[in-house]
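Below, each value reflects all heavy atoms present in this structure, side chains not excepted, and no hydrogens, waters or symmetry copies. Residue numbers count from 1 along this sequence.
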Amino acid sequence: MNRLQKTYKVTKQLEEVLNENINGKDRNAVIEQVNHLVEQRGDLLSEITSPYSEEEKQLGKELVKLNEQIQEKMNNLFDDLKVEMKQVKKQKKSNRTYVNPYENVKTMDGMYMDSKK
């Protein structure tokens, strides 16, 4: 197996993981798996040096195309995660205001000074 085929294989695995339907329950496992594959791919990419054969150049072009697709899918995953985090934060705030509706009230209402003696 030449040096780019290992990288291509790991890149394809990464694409397959990102192509799966990702929901909130298994998102953590998918993110861990993606992190592992990205680290493995980074190690393999650092080992690649020139000169390149024609086969390696063609495989490199395919890797660039796959990388663009993977980057787009990872951005979508990250955007979904940000939206979910905003929703959780909003829900926590809503629950807090329901439990204690006067938490943010800062008035001195109800104070009476008697001036008679």
I need the [X] [atom1] to [Y] [atom2] distance, nearest 0.5 Å.
X	Y	atom1	atom2	answer
Lys9	Leu4	NZ	CG	15.0 Å
Asp26	Asn21	CG	CG	8.0 Å
Leu66	Lys61	CG	NZ	15.0 Å
Lys73	Asn75	NZ	CG	12.5 Å
His36	Gln13	NE2	CD	8.5 Å
Gln40	Thr11	CD	OG1	10.0 Å

For Glu72, side chain to side chain contact (heavy atoms under 4.5 Å, CB included) partners two or more places apart = Asn76
Across all chains, not counting sequence neighbours, the side chain to side chain contact (heavy atoms under 4.5 Å, CB included) partners of Ser94 are none
Are Gln69 and Met74 close enough that some pair of their side-chain heavy atoms sits under 4.5 Å apart?
-> no
Do Leu81 and Ile31 touch side chain to side chain, with heavy atoms closer than 4.5 Å?
-> yes
Scan for side-chain hydrogen bond (donor to acceptor under 3.5 Å, both in side chains) pairs involving residues 78-89, sequence neighbours excluded, and state none if there are none.
-> Arg27-Glu84
What pairs of residues pass the salt bridge (charged side-chain N to carboxylate O under 4.0 Å, His left out) test when at least one of them lies in residues 30-54, not counting sequence neighbours?
-> Glu54-Lys57
Should Leu45 and Leu59 be counted in the same cluster of Ile, Leu, Val, Met, Phe, Trp and Tyr side chains packed under 4.5 Å apart?
-> yes
Any residue meeting side-chain hydrogen bond (donor to acceptor under 3.5 Å, both in side chains) with Glu15, in chain and number order, not counting sequence neighbours | Lys12
Glu62 meets the side-chain hydrogen bond (donor to acceptor under 3.5 Å, both in side chains) criterion, sequence neighbours left out, with Tyr8
Search all heavy atoms of Leu14 against all heavy atoms of Val34 and return the closest pair with its distance.
-> CD1-CG1, 3.9 Å
Contact summary for Val10 and Leu37, nearest pair of heavy atoms = CG1-O, 3.6 Å
